[in-house]
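Not measured: the values here are computed from a predicted model. Excluded from the calculations below are hydrogen atoms, water molecules and symmetry mates; all remaining heavy atoms, backbone and side chain alike, are included.
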Amino acid sequence: MSEFARSTLFAAALAFCTASVSPALSQSSDPAWVDDLGLQLQAELECAVNYYLNMREGEIGTSRYYEARVQCVDGRMFDASRTEPEEKFTIRPCGVAVC
């Protein structure tokens with residue numbers, strides 16, 4: 001195998017591995033409010049977060065809002081939202097018709 005083919009194959013393998021990083025491992029780039037949500041879920045519902053879905057934040061008037069759907073390691077799912085100045089998230093379990 002030529003050196004060019006070997007380096008191209010290595011680059012492709014590296015790109016594949018980088019793209020398939022677990023969602024739990026990629027949390028370091030998440031916004032700070034996600035850490036707050038994870039701590040609240042663990043404390044109140046014993047939910048170890050597996051991953052976050054549909055994370056959104058924005059403004060309503062002069063207040064900021066944050067929302068996300070959460071998948072726990074044990075399979076449970078929750079919708080969470082918070083509008084400042086509230087400090088805690090409102091957390092609702094997902095059901096068949098709820099989410």
Side-chain angles (χ1 to χ4, degrees):
M1 181 182 286
S2 72
E3 184 63 32
F4 176 76
R6 191 174 301 128
S7 63
T8 303
L9 182 60
F10 176 76
L14 181 62
F16 176 77
C17 290
T18 303
S20 63
V21 171
S22 165
L25 297 176
S26 65
Q27 289 179 9
S28 62
S29 64
D30 289 339
W33 62 267
V34 174
D35 293 335
D36 296 339
L37 175 55
L39 291 171
Q40 184 178 341
L41 284 161
Q42 182 64 47
E44 294 179 6
L45 300 166
E46 296 179 4
C47 167
V49 175
N50 191 20
Y51 57 87
Y52 298 93
L53 298 164
N54 304 330
M55 295 181 354
R56 291 185 290 250
E57 58 183 276
E59 292 185 23
I60 299 175
T62 59
S63 300
R64 294 214 40 89
Y65 73 88
Y66 311 94
E67 52 187 39
R69 181 165 298 163
V70 180
Q71 170 85 40
C72 304
V73 172
D74 63 12
R76 294 177 294 158
M77 291 185 78
F78 297 96
D79 278 337
S81 62
R82 179 179 82 184
T83 302
E84 290 181 343
E86 295 296 320
E87 294 183 16
K88 289 190 136 194
F89 284 86
T90 300
I91 300 172
R92 294 177 312 279
C94 289
V96 175
V98 176
C99 291

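Checked by atom type and distance alone, the side chain of R76 pairs as donor or acceptor with a backbone atom of L45 at under 3.5 Å. Side-chain atoms of Y65 never come within 3.5 Å of backbone atoms of I60 as a donor-acceptor pair (strictly under, hydrogens ignored).
Cluster membership for F78 and V73, using ILVMFWY side-chain heavy atoms within less than 4.5 angstrom, is not shared. W33 and L39 sit in two unconnected hydrophobic clusters of ILVMFWY residues. Membership requires side-chain heavy atoms under 4.5 Å apart, directly or through other members.
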Please lay out, stage by stage, how Y66 and D36 fare under the test side chain to side chain contact (heavy atoms under 4.5 Å, CB included). CA-CA 11 Å; Y66 311 94; D36 296 339; over 6 Å; no
Apply side chain to side chain contact (heavy atoms under 4.5 Å, CB included) to R92 and S81, showing your working. CA-CA 9 Å; R92 294 177 312 279; S81 62; 4.0 Å; yes
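In this structure, E59 places its CD atom where more than 12 heavy-atom neighbours from other residues, nucleotides or ligands lie under 6.0 Å away.
For the atom pair CG of N50 and CG of D74, the computed distance is 9.5 Å after rounding to the nearest 0.5 Å. The line from CD1 of I91 to CD of Q40 is 4.0 Å long, rounded to the nearest 0.5 Å.
Considering every non-hydrogen atom in both A80 and L37, the closest pair reads CB-CD1, 3.5 Å. Nearest heavy atoms, A68 versus M55: CB-CG, 3.9 Å. Nearest heavy atom pair, residue R82 against residue K88, reads CG-O, 3.6 Å. Contact record, V70 with C47: CG1-SG, 4.4 Å, taken as the closest heavy-atom pair.
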